[in-house]
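Contents: one structure, followed by commentary.
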Amino acid sequence: MTSLQKKLNQLIGRSKLSTVLIAPFVLQIVGAVGLVGYLSFENGQQAVNDLAYQLMTKTSNLVDQHLDSYLATPHLINKINANAIKLGQLKINDPEATGRYFWKQQQIFNVSYIGMALPNTQFTGAGTWLKGQGMTIDERSARIGYKNNVYSTDSQGNRKKLVYVYDYNPKDEDWYPKAIKSKKTVWSAVFNWDETPEFVAIDAGYPVYDDRGQLLAVLDVSLLLSNISQFLGKLNISPSAKVFIIERDGLLIASSNPEKPYKLVNDKAERLNYLNSQDPLIRATAAHLNQNFGNLKQIQKRQQIEFKFKTSGEWVQRQFVEITPWRDKYGLDWLVVVVVPESDFMGKIHANTRTTILLCMTALAIAVLIGILTARWVTNPIVRLNNAAKEIAAGNLEQKVELQRGDELGELGESFNTMSDRLQASFNEMRSLNTALSESQAQLAQYNLTLEEQVERRTQELIHAEKMAALGQLVAGIAHEINTPLGVIQSAIGNLSVALNQSMQQLPPLFHELSPERLAEFFTLLEIARQSPTTLSTREERQLKRTLKQSLAASGVENADFLADNLSKMGINANLDPIMPLLQSPERKSIVQAAYTLSAVQNNSQNIKLSVERAARIVFALKNYARQTPTGEMVKASIADGIDTVLSLYHGQFKRGVEVTKTYADVPPISCYPDELIQVWANLINNAIQAMSYRGELAIAISQKDSGVAVEITDSGSGIPPEIQERIFEPFFTTKPLGEGSGLGLDIVRKIIEKHHGEITVASQPGHTKFSVWLPIG
Amino acid sequence: MSSQAILCVDDEQIVLWNLRDQITRNFGDRFVYEVAESADEAWEVIEDLAEDGVKIIAIVSDWLMPGTKGDEFLIQVHDRFPNVVTVMLTGQADREAIERTYQFANLHAYIAKPWDETTLMDTIRSGLEKLNS
């Protein structure tokens, strides 16, 4: 998707539905109407152009024709008059006749003036120029002393009376010398009449010669150019159009503008340049032409140009200009200029444009209205559906949308209602499910609570069981430790009594029978036996027995086996030479028997003593242990005492199989719960002994470390595999077979140490497992 | 010298001396009497006696000893010498261990420490009579 599409989608997505529906509708109509309006305007413009140029061309042609005919007339009159002279119909030297003739001729042609000058300055003519006198006849002749008399006339052309006299020499006029000079019909320059300067005129001069070529007269017809202006003024081109005629030097000949084509300077009339026209449009056109062409003489054929000009009170608008050169065969070379403002034609066009715009607006308004209605018709149900959906979203599920329509929106409404119903049903179902779930949850929580209580109780039971197990083990050990010396004492007492009885029986006959030498040797034997070490191991005793037997046999003593057996029991390993005679005597068996019996008395007494000491030691340890009743308060206690108590109580469990090395530094007593710490030592020592299978080395070290006491219990057992080292302090973790250990021992140890703010760590490798406990002195 | 022996096994020497005295007193020179402080040593004794052509007929063993326990030892003995009379004499023993010994070592009797001399001797005697019958 392009970014443009994205932006468009975003724009549409943000707009309201009704806007989206109306906007394209309005856009279409605005586009169509605007296009039609623009095209019609353009067409109108084109038509205006065409029309303007057609009109101007037509006007120019009309002016051309008028000029052709109007300016041809003087020459025609001159020709007629020349012919009349040649035919003798017009007597040039009869001023009366020529005056009437010209007066009559004026009735036909009605030009400004018709006259005739002779080389002797005689002049006659007729024309309407003197104010209030109508057509007058002018005469200058010898008979009136070459004055210029003006006579009023009646309706028949008869002179009525002299009304005006003035001084006028026809030879001074432009047309006279010009005509003589060119010897043919000519145009004078445009000029103002002397007597009536408002009369701008042009004269056609015509020289008449006799057969010999002598100049007879010069004929003259004067044309007032104001007549051309009047003609131009009457041309109904368009309201503001201007037509004017200029000479190539820019001097105005005639203009449709009702202005005087001259101005007075020192009471003399001066012709007006079109640049100085009073009419702003003519002036603007003049400026534009001068600027456009530079020199008007360059214009050789019809030109059509346009320029922009702002007439007062109007806006800047186009001005159509057509310039047509006009010439005649007698030397006139003028330009006919038609200027038409566009506004003359645009009025209608503008009116049309206004109508178009109005129609556009109306169409637009209707379109928007229809669009709004349509959009509303389409969006209303959607808005209602939307509101209903919002209500549902807000939790108000009982929504119904009644659209009463058969189209797709109607179907949508029905679908919506169905959906709403189902949603409500689902919601109700969900609510009931939720309620059930809440109940279940509550129940579950209850179960959970019960379960937690049970777990807690069970854990307490297990901890208790662990304590009981430890206690049971302890009690068993103690029972064994006590029972053993008791058993020894009991049997020793029996032995003693038996030995005494036997001695009582054996000794008197022996003393009676033995010679004094043998008797001395007997006492020597007893002394040797008394001094013999009593702590021979069974192995050493067996070895001794073997040695004695060989030695006796080597000495040739009989009953060596019996003798060696009893002597070894007595622990006699000394030189037998001093008693050899005794051993070789015939009474040797009864002698050695008696000696053994007597030494048994000694041995048993010794055993009773040892056993009593042992029992006393156990009782002392037990007393120590029992004294550690939980008080709930920390007391100062020696760690070494606690460990020794445990060692004493467990002594029976390792006995000779375990070599205990104690390295106790002199450490101060610490604040602790002694009973709990004893449980720690009992657990650790018991574990160590079990790990060694009751055989190996147990090292216990106590030292001061930082502000606490460090205890290291090291055994030479098989060690703890690395993968379970981290788990051994977890509750219920055990490597013992199911049912033999709760797995709580080390967990309890850890808890007790934590309670003392101490630390316990383990480092183990086969043959060397060390539990390190650190406890603050507190 | 007798060719039959009674062996006492206990990790307490004092116990062993007492036992030997009591048994010697009661049975006289009918048998050879040997003592051992552990199961391992007991086996040494058994081997030594076998070399001398002396046969073990009865064993009195403690239960709680370093190394091999009494029940285990008696079961091993029973495996090799099924006819030997076995007596367990102990101050403390696991009930399961005793039952195991009854089952696998054909234990003749279990006697708790401290023991009564007459009872022990009668027990050994009854065991030996059963053997001879």
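Within every chain, numbering begins at 1; the chains are lettered A, B, ... in the order of the sequence lines, protein sequences first and strands thereafter. Just so it is clear, the model here is predicted, and its values are computed rather than measured.
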* Asked: For Lys130(B), does the NZ atom sit with more than 12 other heavy atoms under 6.0 Å from it, leaving out its own atoms?
  -> yes
* **Reported OG1-to-CZ distance for the pair Thr597(A) and Arg25(B), which is rounded to 0.5 angstrom** => 10.0 Å
* Glu37(B) with Arg539(A): basic N within carboxylate O range, under 4.0 Å -> no
* **Close side-chain approach of Ser491(A) and Trp115(B), heavy atoms under 4.5 Å** => yes
* Asked: Rounded to the nearest 0.5 Å, how far does NZ of Lys545(A) lie from CD of Glu34(B)?
  -> 4.5 Å
* Looking only at heavy atoms, which two atoms of Val35(B) and Arg542(A) are closest? And how far apart? -> O-NH1, 3.0 Å
* Asked: Would Lys589(A) and Asp29(B) count as a salt bridge (Lys or Arg N to Asp or Glu O under 4.0 Å) if you check the C-alpha gap in whole Å, the side-chain angles of each, and the deciding distance to 0.1 Å?
  -> CA-CA 13 Å; Lys589(A) 276 183 79 174; Asp29(B) 50 6; 5.4 Å; no
* To do: Against chain B, label Tyr596(A) side chain, backbone, both or neither, depending on which of its atoms sit under 4.5 Å from a heavy atom there.
  => side chain
* Neighbour count >12 (heavy atoms, 6.0 Å) for atom CG, Asn501(A) -> yes
* Asked: In terms of side-chain heavy atoms, does Thr538(A) have a donor or acceptor partner in Glu41(B) at a distance below 3.5 Å?
  -> yes
* Asked: How long is the gap from CD on Gln490(A) to CG on Asp116(B), to the nearest 0.5 Å?
  -> 6.5 Å
* Structure fact -> Here the pair of heavy atoms bringing Ile14(B) nearest to Ser611(A) is CD1-OG, 4.3 Å
* Asked: Are any side-chain N or O atoms of Arg20(B) and backbone N or O atoms of Lys569(A), one a donor and one an acceptor, separated by less than 3.5 Å?
  -> no
* Min side-chain heavy-atom separation Glu12(B)-Arg614(A) under 4.5 Å -> yes
* Segment of Leu610(A) engaging chain B (4.5 angstrom heavy-atom cut-off) -> side chain
* If you count the non-hydrogen atoms of other residues, nucleotides and ligands that lie under 6.0 Å from NZ in Lys55(B), is the total more than 12? -> no
* Asked: Heavy-atom count around Glu47(B) CD within 6.0 Å, excluding the residue itself: above 12?
  -> yes
* Asked: Would you say Glu540(A) has more than 12 foreign heavy atoms packed within less than 6.0 Å of its CD?
  -> yes
* Structure fact -> One option among Asp565(A), Asn495(A), Asn604(A), Asn607(A) has the most heavy-atom pairs under 4.5 Å with chain B, and it is Asn495(A)
* To do: Run the salt-bridge test on Asp48(B) and Arg546(A) with the 4.0 Å N-O cut-off and return the result as yes or no.
  => yes
* Heavy-atom pair of closest approach, residues Gly487(A) and Pro114(B) -> CA-CB, 3.3 Å
